[in-house]
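Naming convention: chains lettered A, B, ... in sequence-line order (proteins, then strands); numbering from 1 in each chain.
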Amino acid sequence: MGRTLSEKVWDAHVVRHADGEPDLLYIDLHLVHEVTSPQAFDGLRLANRKVRRPDLTIATEDHNVPTFDVDKPIADPVSRTQVDTLRKNAEDFGIRIHTLGDPDQGVVHVIGPQLGLTQPGMTVVCGDSHTSTHGAFGAIAFGIGTSEVEHVLATQTLMQARPKTMAVTVDGVLPDGVSAKDLVLALIAQVGTGGGQGYIVEYRGEAIRALSMEARMTICNMSIEWGAKAGMIAPDETTFSYLQDKPHAPQGVDWEAAVEYWKSLATDEDATFDREVVLRAEDIAPFVTWGTNPGQGIPLSESVPSPDDFDTENDKVAAERALEYMGLTAGTPMREIHVDTVFLGSCTNGRIEDLRAAAGVLAGRKVADGTRMLVVPGSGRVRLQAEAEGLDAIFKDAGAEWRGAGCSMCLGMNPDQLAPGERSASTSNRNFEGRQGKGGRTHLVSPLVAAATAVTGTLAAPADLPPVAVPANA
Amino acid sequence: MEAFTQHIGTAAPLRRGNVDTDQIIPAVYLKRVTRTGFEDGLFAAWRNDPAFVLNQPEYDGVSVLVAGPDFGTGSSREHAVWALLDYGFRVVVSSRFGDIFRGNSGKAGLLAALVEQDVVEKLWTAVETDPGTKVTVDLENKTISAGDVSAPFEIDDYTRYRLLNGLDDVGITLSREADIAAYEATRPSFKPATLPAKA
């Protein structure tokens, strides 16, 4: 019988298989950041162990760094210690590191792809749940805890039970103004936050094939938000042409050999999945969350739901609690919700295409009074590219803040945080209570919705905006 | 890691589903570079609420947490497990766990016991009726009991074996060094390396 994409990649990485035990899986690329690694390096030191493959390991600073004044020492001494600890660990163990101010510093999941280190058929891990992002290349990529970080540093392997397989097929063509973020938010609302648990998911179908690499990364990034072990998309010409000119892409004969192998990874015609979900792209509209988990989302055109709209007691209670935390009243049209802060960035939507999409909406327009907008490129290189294209000028002219690279307001850890009660429209991935700062209220949105919301000050899509009076480049 | 065979202790009922790791420990508490001292961050936002279960004196000294479905979803932070351990928990019971959280628990020595939701409901009732109820968690036999409630729980065989024997994963894997080296010898030359750096 044929095999699926994930089965082929898994099988190619089994170092040791024994019945009744998890497989010992080889790891091709280990991404390291400052928050989940210090205790792992300490563990190595205590046991007098070294990093087995520094040449398959790369580190950067992203979660706990400021996105302004990056040329100055980090103000918070505890944060500075954590960042300094990573720098010292990298030096002591011979690991490549990209520090603040370096073009390849930035959100760890933006760095791997932009360097061409993330390639099809690989296994990629990181002490961060959004490692699923790299699955967009046809890699098995998943987040791990600090004990596992230590395990990979010491052995370049992980003990892993083989997950089940699931196909999410998206047929048809996405309507204009509907993006990958809308698609994945709509999917999570349908399957629930636990729907993917125990599965490696392969996203496939016409609508997925039509997506750019960056849009595919947005989809795979959110796999963890519905509980999946990993999300993957089969490599194709879009993947190969994205990779071709990246610094660490294979060269010459290696490129030929790699592409031939990558082409062989697609799921076989006669392979079967343990579970299948089918969506129609035409049914998907701009989508936003109203609650405190990523599954609590609805089309932007709808109104805040009532707890009575839900079938199970668990969902009713969760909705009631979410409405209270979010300060929302059932029946309020989503478009009437005022937003204090718009955050454009993160490993979900902090790449150049996301910035281009938002800039396209903001050109010739202004951020509404009473709303602020933060634009945080995913990496130093994304920032430089945006500046070369003049996107920074569009954001600044509109009244948005143009920042340095990092995780920023995706999580309430660095200086970019919501104040208690403050409401955001955020292109990030989690609307959990307090995620963006204690008491902060998060609506997850696409970059297009984020930009339109910044202009109106209430949740909006670009189609809601009046035409720009004078074209931006006239 | 210390071996885990059986645990007896009192339990707190956490009547919430979808308790993600940002709720278990908010990101602002993750700045520490040590492996201990995370108890302050445990459920930090909720502990400001006097009505929160862990603020009730009758649940002082609990070591078993009985939570709603989808406990430990979201972020991979192992700090969530450390915070629970540092606070004094040895066992968390739920009808569904986030994958990464469950894996981290097994590594750090916190038992994540998977049960049917009706067992969770019965345990909630038991420990709410009498907060002094002793909960017995037997890893050898994979059973949990409290008062009149007795039920099996699920845990994967390998994690159970490691917990029972207090084994260190890295040590086990390093004993397979020959297998790892043999695998490495077969890796194709087109696979990328981070070193030397290319711009």
Peer 1: Could you tell me which portion of A:Ala258 (side chain, backbone, both or neither) has an atom closer than 4.5 angstrom to a non-hydrogen atom of chain B?
Peer 2: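 For A:Ala258, heavy atoms of backbone and side chain both lie under 4.5 Å from chain B.
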Peer 1: Using heavy-atom distances under 4.5 Å, tell me whether A:Leu117 contacts chain B through its side chain, its backbone, both, or neither.
Peer 2: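 For A:Leu117, heavy atoms of backbone and side chain both lie under 4.5 Å from chain B.
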Peer 1: Looking at A:Ser79 and B:Lys31, what are the two nearest heavy atoms and their distance?
Peer 2: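 That would be OG-NZ, 3.1 Å.
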Peer 1: Within a strict 4.5 Å, meaning less than it, do heavy atoms of the B:Pro192 and A:Met122 side chains meet?
Peer 2: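 B:Pro192 reaches A:Met122 side chain to side chain.
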Peer 1: If we define contacts as heavy-atom pairs under 4.5 Å, which of A:Ile58, A:Asn64, A:Thr36 has the most with chain B?
Peer 2: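 Winner by heavy-atom pair count: A:Asn64.
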Peer 1: For each of A:Gly227, A:Gly434, A:Pro54, tally heavy-atom pairs with chain B at distances under 4.5 Å, and name the one with the top tally.
Peer 2: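 Between A:Gly227, A:Gly434, A:Pro54, the count favours A:Pro54.
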Peer 1: Pick one of side chain, backbone, both or neither for A:Asp76, based on which atoms fall under 4.5 Å of a heavy atom in chain B.
Peer 2: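 Only the side chain of A:Asp76 comes within 4.5 Å of chain B.
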Peer 1: Which residue out of A:Lys438, A:Arg49, A:Glu21 racks up the most heavy-atom pairs below 4.5 Å with chain B?
Peer 2: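 Answer, by heavy-atom pair count under 4.5 Å with chain B: A:Arg49.
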Peer 1: Show your reasoning for whether salt bridge (charged side-chain N to carboxylate O under 4.0 Å, His left out) applies to B:Asp20 and A:Arg435.
Peer 2: CA-CA 10 Å; B:Asp20 56 75; A:Arg435 169 76 181 182; over 6 Å; no
Peer 1: Please look at A:Ile224 and chain B and tell me whether the side chain, the backbone, both or neither of the residue comes under 4.5 angstrom of a heavy atom of that chain.
Peer 2: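 Side chain only.
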Peer 1: Considering only heavy atoms from C-beta outward, does the side chain of A:Glu433 approach that of B:Trp46 to under 4.5 Å?
Peer 2: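 Answer yes - side chains close enough.
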Peer 1: Is any side-chain heavy atom of B:Arg187 closer than 4.5 Å to one of A:Leu56?
Peer 2: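 A:Leu56 vs B:Arg187: side chains touch.
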Peer 1: Output the distance between atom CG (B:Asp179) and atom NE2 (A:His17), rounded to the nearest 0.5 Å.
Peer 2: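 These two atoms lie 13.0 Å from each other.
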Peer 1: Could you tell me which portion of A:Trp262 (side chain, backbone, both or neither) has an atom closer than 4.5 angstrom to a non-hydrogen atom of chain B?
Peer 2: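 Just the side chain, heavy atoms under 4.5 Å.
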Peer 1: Over all heavy atoms of both residues, which pair between B:Tyr183 and A:Ala12 is shortest? Give the atoms and the distance, please.
Peer 2: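 It is OH-O, 2.6 Å.
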Peer 1: Please determine whether side-chain contact (heavy atoms from CB on, under 4.5 Å) holds for the pair A:Asp42 and B:Arg35, giving the CA-CA distance in whole Å, both sets of side-chain angles, and the decisive distance to 0.1 Å.
Peer 2: CA-CA 9 Å; A:Asp42 268 359; B:Arg35 200 153 188 156; over 6 Å; no
Peer 1: So which of B:Pro26, B:Ser189, B:Ala45 has the biggest tally of heavy-atom pairs under 4.5 Å with chain A?
Peer 2: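 Option with the greatest count: B:Ser189.
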Peer 1: Heavy-atom pairs under 4.5 Å with chain A: which of B:Asp168, B:Val28, B:Val81, B:Ile180 has the most?
Peer 2: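 Ranked by contacts with chain A, first place is B:Ile180.
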Peer 1: Please flag which part of B:Asp169 lies under 4.5 Å from any non-hydrogen atom of chain A: side chain, backbone, both or neither.
Peer 2: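 For B:Asp169, the contact with chain A is made by backbone and side chain together.
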Peer 1: Go through the atoms of A:Val14 and report whether side chain, backbone, both or neither lie under 4.5 Å from a heavy atom of chain B.
Peer 2: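 Contact with chain B is through the backbone of A:Val14 alone.
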Peer 1: Aromatic rings B:Phe190 and A:Tyr261: how do their planes relate, parallel, tilted or perpendicular, breaks at 30° and 60°?
Peer 2: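 Rings of B:Phe190 and A:Tyr261: tilted, as their planes differ by 30° to 60°.
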Peer 1: In Å and rounded to the nearest 0.5 Å, what is the NE2 to CZ distance from A:His63 to B:Arg77?
Peer 2: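 Going from the NE2 atom of A:His63 to the CZ atom of B:Arg77 covers 8.0 Å.
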Peer 1: Is it the side chain or the backbone of A:Ile95 that comes within 4.5 Å of chain B heavy atoms, both, or neither?
Peer 2: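 It is neither, since no heavy atom gets under 4.5 Å.
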Peer 1: Of the backbone (N, CA, C, O) and the side chain (C-beta and beyond), which part of A:Asp28 lies under 4.5 Å from a heavy atom of chain B, both, or neither?
Peer 2: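 Answer is both: backbone and side chain atoms of A:Asp28 are under 4.5 Å from chain B.
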Peer 1: Roughly how far apart are B:Arg16 CZ and A:Arg321 CZ, rounded to 0.5 Å?
Peer 2: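 CZ of A:Arg321 is found 4.0 Å from CZ of B:Arg16.
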Peer 1: Need one label for A:Thr85: side chain, backbone, both or neither, based on atoms under 4.5 Å from any heavy atom in chain B.
Peer 2: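 Side chain only.
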Peer 1: Under 4.5 Å from any heavy atom of chain B, what part of A:Thr57 do you find: side chain, backbone, both or neither?
Peer 2: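 The backbone, not the side chain.
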Peer 1: Could you walk me through whether A:Thr193 and B:Thr73 satisfy the side-chain contact (heavy atoms from CB on, under 4.5 Å) test, starting with their C-alpha distance in whole Å, then the side-chain angles of each, then the deciding distance to 0.1 Å, before giving a yes or no?
Peer 2: CA-CA 8 Å; A:Thr193 53; B:Thr73 54; 5.6 Å; no
Peer 1: So for A:His13, is it side chain, backbone, both, or neither that comes closer than 4.5 Å to the heavy atoms of chain B?
Peer 2: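 Contact with chain B involves both backbone and side-chain atoms of A:His13.
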Peer 1: Decide yes or no for A:Arg52 and B:Glu184: does some side-chain heavy atom of the first lie under 4.5 Å from some side-chain heavy atom of the second?
Peer 2: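 Side-chain contact under 4.5 Å: yes.
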Peer 1: Any chance you could lay out the side-chain contact (heavy atoms from CB on, under 4.5 Å) test for B:Glu78 and A:Gln39, step after step, and finish with the verdict?
Peer 2: CA-CA 10 Å; B:Glu78 194 163 318; A:Gln39 296 86 354; over 6 Å; no
Peer 1: Could you tell me the separation between the CH2 atom of B:Trp82 and the OG atom of A:Ser147, rounded to the nearest 0.5 Å?
Peer 2: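 Atom-to-atom, B:Trp82:CH2 and A:Ser147:OG are 6.5 Å apart.
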Peer 1: Which of these, B:Thr21, B:Asp22, B:Val19, sits in a side chain to side chain contact (heavy atoms under 4.5 Å, CB included) with A:Phe432?
Peer 2: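 So the option named by the test is B:Asp22.
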Peer 1: Considering only heavy atoms, which portion of A:Thr157 lies under 4.5 Å from any heavy atom of chain B: side chain, backbone, both, or neither?
Peer 2: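 Just its side chain gets close to chain B.
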Peer 1: Report the option among A:Glu148, A:Lys246, A:Gln417 that has the most heavy-atom pairs separated by less than 4.5 Å from atoms of chain B.
Peer 2: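 Heavy-atom pair counts peak at A:Glu148.
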